Amino acid sequence: MKKFPIGFNTKTNSGSAADMTVSANNKTTEPRKSVVRVYFPSRGMTLAYYNDRFDLKPGDFVYVDGKLEGKRGRVVDVNYSFKIRLSDYKRVIAVADTSVVGRFRIAGSHVVTFDPNAAPYKKALAWFKAPENDEVYAVGSDDGESFPLDDLSRMDVSPAIAERGHNYYAENKVSYISLDGTHGYAVVEGTEPYEVEFDFFDGGISNLTCSCFCSYNCKHEFAVMLQLREILDFITKNCGDEYCGYFAAMSKEVFVNIVMSKSGSGMINLEV
Ligand SMILES: [Zn+2]
């Protein structure tokens, strides 16, 4: 049996074999005042913003204040030569760190890593939604009630919601999913990006929550269950020996459009 059916591989600067390096440019530079044009795919519009907090480059994913607050935008160009009335401009308030270094396996619609530092949830979350201010949440627990992942008919969900969840799954809207020990996180990109969390222990799922604030099991949660099942199935069949209780996976679309879209340097090595 080949150890790595399909994988990426690259070399780091130290010359040792690492696995995949994409946009590993992490050095911080002094922010330089700029006016940037930002494209918002969800709105199909490009607007100009003032920036004095970040060293921005075309291709960076940013969040702004103003009426497009919370929407992910992409820097189109950066202008350092300007004179503007500050009151006319909204600002860039956050930039997503899309640097990823690690080894990934291609697993159907997704790529999977077992390296906890490659694409951790906290970092990945900013690829989809703006960092939050001090929002306060109340989370209820279902007191250990659980259903088996391999029999979703026992998940308390209506057939209509299950069908919509299945469509989300089939359309690869589960953009990111990770399992860290027994706790799982996922981002589902529906009309908005939603965060789904769950516990997975001994084949059973419990404490499912979704940031769409449904008080019942929703289509986002159902889609995540299907994606989780597919990835665990892939791991079991192909690389069970590498799995030590942690994986992170992202859709190929996210991998290409977010991780690899940033200008920078890196290397990808495909192995068979
Ligand atoms: Zn939901």
Side-chain angles (χ1 to χ4, degrees), residues 40-43 61 63 68-72 96 108-110 112 119-201 203-233 247-254 257-258:
F40 296 90
S42 62
R43 295 295 167 90
F61 289 99
Y63 297 94
L68 293 182
E69 184 164 350
K71 304 280 176 226
R72 184 180 69 207
S109 56
H110 284 58
V112 181
Y121 177 65
K122 274 207 160 148
K123 183 193 238 183
L125 191 54
W127 302 347
F128 307 102
K129 55 190 293 186
E132 282 181 352
N133 308 324
D134 301 319
E135 192 77 58
V136 178
Y137 295 105
V139 180
S141 152
D142 52 16
D143 294 329
E145 237 176 76
S146 77
F147 58 87
L149 184 63
D150 62 7
D151 183 8
L152 294 181
S153 68
R154 287 165 64 186
M155 180 176 172
D156 184 16
V157 64
S158 74
I161 285 176
E163 191 185 332
R164 276 148 70 194
H166 187 272
N167 290 343
Y168 270 30
Y169 158 74
E171 292 161 10
N172 292 324
K173 293 197 175 181
V174 182
S175 299
Y176 177 93
I177 180 167
S178 76
L179 185 62
D180 190 355
T182 58
H183 196 66
Y185 305 90
V187 175
V188 181
E189 289 189 279
T191 39
E192 301 279 333
Y194 296 106
E195 293 163 70
V196 173
E197 292 191 45
F198 55 90
D199 287 323
F200 180 60
F201 180 71
I205 296 284
S206 57
N207 297 321
L208 252 180
T209 60
C210 177
S211 64
C212 73
F213 301 115
C214 283
S215 54
Y216 49 86
N217 287 331
C218 64
K219 57 191 173 184
H220 312 113
E221 291 168 352
F222 195 77
V224 168
M225 293 301 101
L226 292 171
Q227 193 64 59
L228 176 66
R229 203 162 70 175
E230 184 191 304
I231 289 172
L232 288 176
D233 201 41
F247 79 78
M250 67 186 91
S251 69
K252 284 179 185 164
E253 197 184 326
V254 166
N257 293 338
I258 297 180

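All residue numbers refer to positions in the sequence shown, counting from 1. The model shown is predicted, which means the values in this text are computed figures rather than measured ones. Atoms within a ligand are numbered from 1 in the order they appear, just like the ligands themselves.
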*Mind running side-chain hydrogen bond (donor to acceptor under 3.5 Å, both in side chains) on Asn172 and Ser109 for me, showing each step along the way?*
CA-CA 7 Å; Asn172 292 324; Ser109 56; 3.2 Å; yes
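Tyr121 and Tyr185 have parallel rings, their planes meeting at less than 30° on a 0 to 90° scale where 60° marks the start of perpendicular.
Around the Zn ion (ligand 1), protein N, O or S atoms at a distance under 2.8 Å total 4; waters are neither shown nor counted.
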Exercise answer: donor-acceptor pairs, residues 149-157 side-chain atoms, under 3.5 Å, sequence neighbours excluded:
{"residue": "Asp151", "atom": "OD1", "partner": "Ser153", "partner atom": "N", "Å": "3.3"}
{"residue": "Asp151", "atom": "OD1", "partner": "Ser153", "partner atom": "OG", "Å": "2.5"}

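With ring centers used as reference points, Tyr168 lies under 6.0 Å from His220.
Few gaps surround CD on Glu171; more than 12 heavy atoms of other groups in view lie less than 6.0 Å from it.
When Glu189, Glu195, Glu192 are each tested for a side chain to side chain donor-acceptor pair (under 3.5 Å) with Lys129, only one passes: Glu195.
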